[in-house]
Amino acid sequence: MATKFSTYSTANEIVQAFSSRVTGKTILITGPSAGSIGAAIAAAVAVASPARLLLAGRTASKIPLPAECSSQFIDLDLSNQASVRRSAAEINKICGTGGLDILINNAAILCPPELTMIDGIEAQFGVNHIGHFLLTNLIVPSLAPNARIVNVSSTGYTLGEVPFKDMAYESGYNPWKAYAASKTANLLFTVSLQAKLVGKTAVAVHPGQPRSNLAKHLDAGALVQAHQAQSEMPQEPVTQEGDDKTLEQAAGMVLDAALNPRWETEGAGKFLRNCEVFPVHDYAKNPKVAEELWRVSEKYVGETFLY
């Protein structure tokens with residue numbers, strides 16, 4: 001019988017239930033800075049004796065390395081493609097062919113108030129999607145035959161589609177619509193990975209909305225912009241019921257996605273929320289749109305990935 005968890009299951013509860021899927025495994029987490037969901041994920045899995053825990057982020061001093069297991073900092077700036085390529089090379093060297101069991105693409109930025117373009121890419125789209133797109137594809141040789149890939153997305157995707165015809169926001173910048181585009185991209189990337197990587201399981205997950213360092217840009221003005229973005233979408237807004245989580249509970253949602261064998265059959269290529277499959281609007285799951293995003297992403301990174 002499949003093991004099921006619920007809205008407020010904690011990271012420790014998930015790891016305790018699936019400790020055999022952590023022990024002896026190599027796990028990579030992006031964005032594990034102190035006070036984040038990523039740090040809570042790392043702390044929980046460390047006690048179950050993974051073979052190696054790789055923690056990838058920009059500043060070593062901000063990333064706690066758990067003492068309970070072999071853990072290592074990987075220097076990674078997802079907004080800088082040269083940095084992503086260096087990090088991928090290091091990860092491939094450490095893991096070797098087929099040595100990486102679980103990849104958790106967790107790092108993100110949320111709603112910088114001013115439009116920021118980095119190498120011709122809007123910052124949220126660059127960090128939240130393009131950086132992870134490049135990293136994941138570059139370390140595919142290191143992924144175990146039955147590896148699990150978790151893309152941390154958000155129900156905030158409902159605030160906007162990927163604006164393929166205006167990726168530079170020349171028509172106007174709303175930080176929430178740009179954030180939504182990046183989270184929609186996470187969902188479409190999950191669809192593509194599941195279709196392209198034979199034997200592996202790719203899932204996306206909404207962790208909830210715990211208090212964390214992700215929300216540093218949010219103020220009253222940002223909430224007005226969120227309502228504006230929602231008003232421009234034809235769909236009904238998604239309820240936030242169950243999103244009031246602690247960091248440990250939010251980490252639990254991600255770890256259920258990463259460890260629960262249930263998702264190998266029920267959740268492959270899908271979006272999870274509160275430990276259940278959550279319905280997704282067509283624009284965020286359509287295989288044709290996913291393939292369009294893949295090609296656009298390849299152009300941004302200047303490399304083609306064929307599987």
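Reckoned from all heavy atoms, side chains included, excluding hydrogens, waters and symmetry mates. When a residue number appears, it is its place in the shown sequence, counting from 1.
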Atom [atom1] in [X], atom [atom2] in [Y]: separation rounded to 0.5 Å?
| X | Y | atom1 | atom2 | value |
| --- | --- | --- | --- | --- |
| Asn128 | Ser182 | CG | OG | 4.0 Å |
| Cys275 | Ile14 | SG | CD1 | 5.0 Å |
| Ile149 | Ile139 | CD1 | CD1 | 8.0 Å |
| Leu103 | Leu135 | CG | CG | 6.5 Å |
| Leu259 | Ile102 | CG | CD1 | 5.0 Å |
| Glu266 | Leu272 | CD | CG | 10.0 Å |

Establish, from distance only, whether the side-chain atoms of [X] and [Y] form a donor-acceptor pair under 3.5 Å.
| X | Y | answer |
| --- | --- | --- |
| His129 | Ser297 | yes |
| His132 | Thr30 | yes |
| Asp244 | Tyr8 | yes |
| Asn151 | Asn105 | yes |

Flag side-chain contact, heavy atom, 4.5 Å: [X] against [Y]:
| X | Y | result |
| --- | --- | --- |
| Val301 | Gln81 | yes |
| Gln124 | Pro112 | yes |
| Leu187 | Lys285 | no |
| Ile27 | Asp101 | no |
| Leu54 | Ile29 | no |
| Leu197 | Tyr307 | yes |
| Glu122 | Met117 | yes |
| Ser79 | Ile118 | yes |

Closest approach of [X] to [Y] (non-hydrogen atoms, all atoms of both residues):
| X | Y | value |
| --- | --- | --- |
| Gly242 | Asn274 | O-OD1, 3.9 Å |
| Thr26 | Gly99 | CB-O, 3.3 Å |
| Leu55 | Pro32 | CB-CG, 3.6 Å |
| Tyr169 | Ala178 | OH-CA, 3.3 Å |
| Ala290 | Val191 | CB-CG1, 4.1 Å |
| Ala257 | Val205 | CB-CB, 4.0 Å |

Check whether any side-chain N or O of [X] sits under 3.5 Å from a backbone N or O of [Y] as a donor-acceptor pair, and report yes or no.
| X | Y | value |
| --- | --- | --- |
| Asn92 | Leu138 | yes |
| Thr265 | Arg262 | yes |
| Tyr157 | Asn186 | no |
| Ser83 | Asp77 | yes |
| Thr184 | Gly160 | yes |
| Gln249 | Ala11 | no |
| Thr201 | Arg148 | no |
| Lys183 | Val152 | yes |
| Asn260 | Trp263 | no |
| Arg58 | Gly31 | no |

Determine, for [X] against [Y], whether the closest basic-nitrogen to carboxylate-oxygen distance falls under 4.0 angstrom.
| X | Y | result |
| --- | --- | --- |
| Lys288 | Glu291 | no |
| Glu303 | Arg85 | yes |
| Glu292 | Lys299 | no |
| Glu276 | Lys270 | no |
| Arg273 | Asp243 | yes |

Establish, yes or no, whether a centroid distance under 6.0 Å links the rings of Tyr179 and Phe125.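 Centroid distance Tyr179-Phe125: not below 6.0 Å, so no.
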Near Gln72 CD, under 6.0 Å, is it more than 12 heavy atoms from other residues, nucleotides or ligands? yes
Give me each pair satisfying salt bridge (charged side-chain N to carboxylate O under 4.0 Å, His left out) with a member in residues 149-165, each pair once, sequence neighbours excluded. none
Parallel, tilted or perpendicular: ring planes of Phe271 versus His206, cut at 30 and 60 degrees: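 Taking His206 first and then Phe271, their aromatic rings stand perpendicular (interplane angle over 60°).
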Option among Phe133, Tyr300, Phe305 that satisfies the ring pair (Phe, Tyr, Trp, His ring centres under 6.0 Å) test with Trp294: Phe133
Please assess Lys93 against Glu90 for the test salt bridge (charged side-chain N to carboxylate O under 4.0 Å, His left out), listing each intermediate value before the final yes or no. CA-CA 5 Å; Lys93 184 177 179 180; Glu90 182 179 3; over 6 Å; no
I'd like to know if [Y] and [X] are part of one continuous hydrophobic network [Ile/Leu/Val/Met/Phe/Trp/Tyr, side-chain heavy atoms within less than 4.5 Å].
| X | Y | answer |
| --- | --- | --- |
| Val22 | Leu65 | yes |
| Phe5 | Val47 | no |
| Val84 | Ile94 | yes |

From CA spacing to verdict: side chain to side chain contact (heavy atoms under 4.5 Å, CB included), Thr158, His281: CA-CA 8 Å; Thr158 58; His281 299 314; 3.9 Å; yes
Worked check of side chain to side chain contact (heavy atoms under 4.5 Å, CB included) between Ser9 and Met253: CA-CA 7 Å; Ser9 295; Met253 302 301 99; 4.3 Å; yes
